[in-house]
Number of protein chains: 2
Amino acid sequence: MSRRRESAVPEAATNRLSLILRALRVLEGEGVVTVSSGQLAERFSFHSAQVRKDLAQLGEFGVRGLGYRVSDLAENLQRRMGLAGVHPVVIAGAGHLGQALADATGFNSNGFRVVALFDDDRRKIGGKTRSGVPILDAARIEELLPALGADIGVVAVPGAQAGSAATALVRGGLKGLLNFAPTTVGPFPGVLVKNADLTLFLEGLAFQLHGTGAGS
Amino acid sequence: MSRRRESAVPEAATNRLSLILRALRVLEGEGVVTVSSGQLAERFSFHSAQVRKDLAQLGEFGVRGLGYRVSDLAENLQRRMGLAGVHPVVIAGAGHLGQALADATGFNSNGFRVVALFDDDRRKIGGKTRSGVPILDAARIEELLPALGADIGVVAVPGAQAGSAATALVRGGLKGLLNFAPTTVGPFPGVLVKNADLTLFLEGLAFQLHGTGAGS
DNA sequence: TACTGTGAAGTGATTCACAGCG
DNA sequence: CGCTGTGAATCACTTCACAGTA
């Protein structure tokens, strides 16, 4: 997708590591002390060697003959994945999608916190989402962003406005963009853009359903 | 992710084909008659050979020395991708996410149409989304689904309820599930499940930002 | 012993390069 | 000539298999 010098971690591994970290937090809560690559792999039905490779990539955390110490590994993974502190997140667009994300658990825990939404609808500006995130004036994105300290921005506006919303966020100094609009935004120098076009999921599903008899 | 006899089209190609089809519709609207693999590739910055391979997989639609005839190709792609007719879609969960999807253009055009949402909130049941999609009683999913004729269901409920929502949808006879909850659902025999955990996107972004200095 | 970490083999997807055709 | 379709080469990811160690 984008030519970068060293791809560090091969994209697909990212998702596995996120899943593993999530599982570790559950295990930790259950008081489990150690876990093996096989046990972790089983949960998500991928191979144990894969789990070991993924984990080894970030350092040597395992204990031979035993497995991994759950809290050690969780803490290390968290740090290595950039989830050690809290990332303030801002969302452009306070429509249904924006509000869904603003109140979503995954966007307000384990390293993330939605600090503001931006919208250009007068009736929404000044209000708050159900969980209390303020909705600010989209015209002031660039001006207000620095004070919010966010490093990640989410584009949750209709496709036609995605470009300008993204530009405003980038001008405000964000380093990462998660784009839900079905439009390609950027590239912007020095900014990482990740596209999450929800329609593609639906189309992919239809395609697979059509092609095969939807096997097990 | 799921063991199937023949994987038909390699998952990643699916997304490219969706994108290409979308571009073709735009070109068609602009009255463009033919387009080459190179021109299509340029738009999304992938390689022209990749585009040709992807398209060739579905049949020989190109004209040597000329390119592809836009409307021909669009129609063929549409059919081969299972987007020829209209897929009725139902959504479990009429929260912000469910309503966002119900009113999203991509879920109500080019082969899809959201025909109903299901929720267990009394205040929502009997109502409609902004664009007029009815919200029905979640307790009656199994009973009402057959009449709706939907073949694709979307799980847009909180993680804790994802399993039961998915089960109800499958019992109602759906063949494809798009799951937005951060919980693995299924597997169900004969049903295709696609997971779209939005938190993974955010975590992936944080990971990449952390690892690299967010190169161009 | 039971498990990790990892080189080597295997598999799959991407890119190259060109023959073949309108 | 320009562009498609595609075998061959390359590159990337996954799985295997095992040496090494608590």
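Predicted, not measured: the structure shown is a model, and the values here were computed from it. All chains are named by letter (A, B, ...) in the order of the sequence lines, taking the proteins before the strands, and each is independently numbered beginning at 1.
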Checklist entry - When you check every protein heavy atom under 4.0 Å of nucleotides 15-22 of chain D, what one-letter string (B, S, -) results, 5' to 3'? => result BBB--BBB

Next on the checklist: Is it the case that over 12 heavy atoms from other parts of the model lie below 6.0 angstrom from the CZ atom of Arg25(A)?
Outcome noted: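 Buried by this count: over 12 neighbours within 6.0 Å.
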
Next on the checklist: From C-beta outward on Ser36(B), which listed nucleotide comes closest to its side chain: dT4(C), dT14(D), dT4(D)?
Outcome noted: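 From the listed options, dT4(D) comes nearest.
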
Checklist entry - Parallel, tilted or perpendicular: which describes the rings of Phe201(B) and Phe201(A), with under 30° parallel and over 60° perpendicular? => result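 Correct class here is perpendicular.
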
Spacing between [X] atom [atom1] and [N] atom [atom2], to the nearest angstrom:
X: Glu11(A); N: dA13(C); atom1: CD; atom2: C1'; result: 15 Å
X: Asp54(B); N: dT15(C); atom1: CG; atom2: P; result: 11 Å
X: Phe44(A); N: dT14(D); atom1: CZ; atom2: C1'; result: 18 Å
X: Leu58(A); N: dT4(C); atom1: CG; atom2: C1'; result: 15 Å
X: Leu73(B); N: dC3(D); atom1: CG; atom2: C1'; result: 14 Å
X: Gln57(B); N: dT4(D); atom1: CD; atom2: C1'; result: 15 Å

Item to check | Within-4.5 Å side-chain heavy-atom neighbours: Gln161(A) and Asp120(A) | outcome: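 Gln161(A) vs Asp120(A): side chains touch.
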
Item to check | Any side-chain heavy-atom pair of Arg22(A) and Leu200(B) under 4.5 Å | outcome: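 Arg22(A) reaches Leu200(B) side chain to side chain.
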
Pairs of donor and acceptor atoms involving the side chains of residues 74-82 of chain B, under 3.5 Å and at least two apart or interchain, shall be tabulated with distances.
{"unit_1": "Asn76(B)", "atom_1": "OD1", "unit_2": "Arg79(B)", "atom_2": "NH2", "d": "3.0"}
{"unit_1": "Asn76(B)", "atom_1": "ND2", "unit_2": "Asp72(B)", "atom_2": "O", "d": "3.2"}
{"unit_1": "Arg80(B)", "atom_1": "NH1", "unit_2": "Leu58(B)", "atom_2": "O", "d": "2.8"}
{"unit_1": "Arg80(B)", "atom_1": "NH2", "unit_2": "Leu58(B)", "atom_2": "O", "d": "3.2"}

Next on the checklist: So, using salt bridge (charged side-chain N to carboxylate O under 4.0 Å, His left out) as the criterion, who are the partners of Asp103(B) when residues are at least two apart?
Outcome noted: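 Residues passing salt bridge (charged side-chain N to carboxylate O under 4.0 Å, His left out) with Asp103(B): none at all.
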
Item to check | Passing option when Asn179(A) is tested against Thr184(A), Asn195(A), Asp197(A) for side chain to side chain donor-acceptor pair (under 3.5 Å) | outcome: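 Testing Asn179(A) for a side chain to side chain donor-acceptor pair (under 3.5 Å) against Thr184(A), Asn195(A), Asp197(A) leaves exactly one candidate, Asn195(A).
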
Item to check | salt bridge (charged side-chain N to carboxylate O under 4.0 Å, His left out) contacts in which one or both residues fall within residues 37-59 of chain A, not counting sequence neighbours | outcome: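 Every salt bridge (charged side-chain N to carboxylate O under 4.0 Å, His left out) pair that includes a residue of residues 37-59 of chain A, provided the two are not neighbours, is Arg16(A)-Asp54(A).
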
Checklist entry - Applying ring-ring contact (aromatic ring centres under 6.0 Å, His included), which residue pairs with at least one partner in residues 144-185 of chain A are found, sequence neighbours left out? => result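 Pairs touching residues 144-185 of chain A that pass the test: none.
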
Checklist entry - Quick one: is dG5(D) close enough that its OP1 or OP2 comes under 4.0 Å of any side-chain N or O from Tyr68(B)? => result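 For Tyr68(B), the contact criterion (side-chain N or O under 4.0 Å from OP1 or OP2 of dG5(D)) is met.
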
Checklist entry - Under 4.0 Å: is that the gap between some side-chain N or O of Ser37(B) and OP1 or OP2 of dC3(D)? => result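 No, Ser37(B) has no side-chain N/O under 4.0 Å of OP1/OP2 on dC3(D).
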
Item to check | Sub-4.0 Å heavy-atom contacts from residues 13-21 of chain A onto DNA chain C, ordered by number | outcome: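 Going residue by residue through residues 13-21 of chain A, none turns out to have a heavy atom under 4.0 Å of DNA chain C.
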
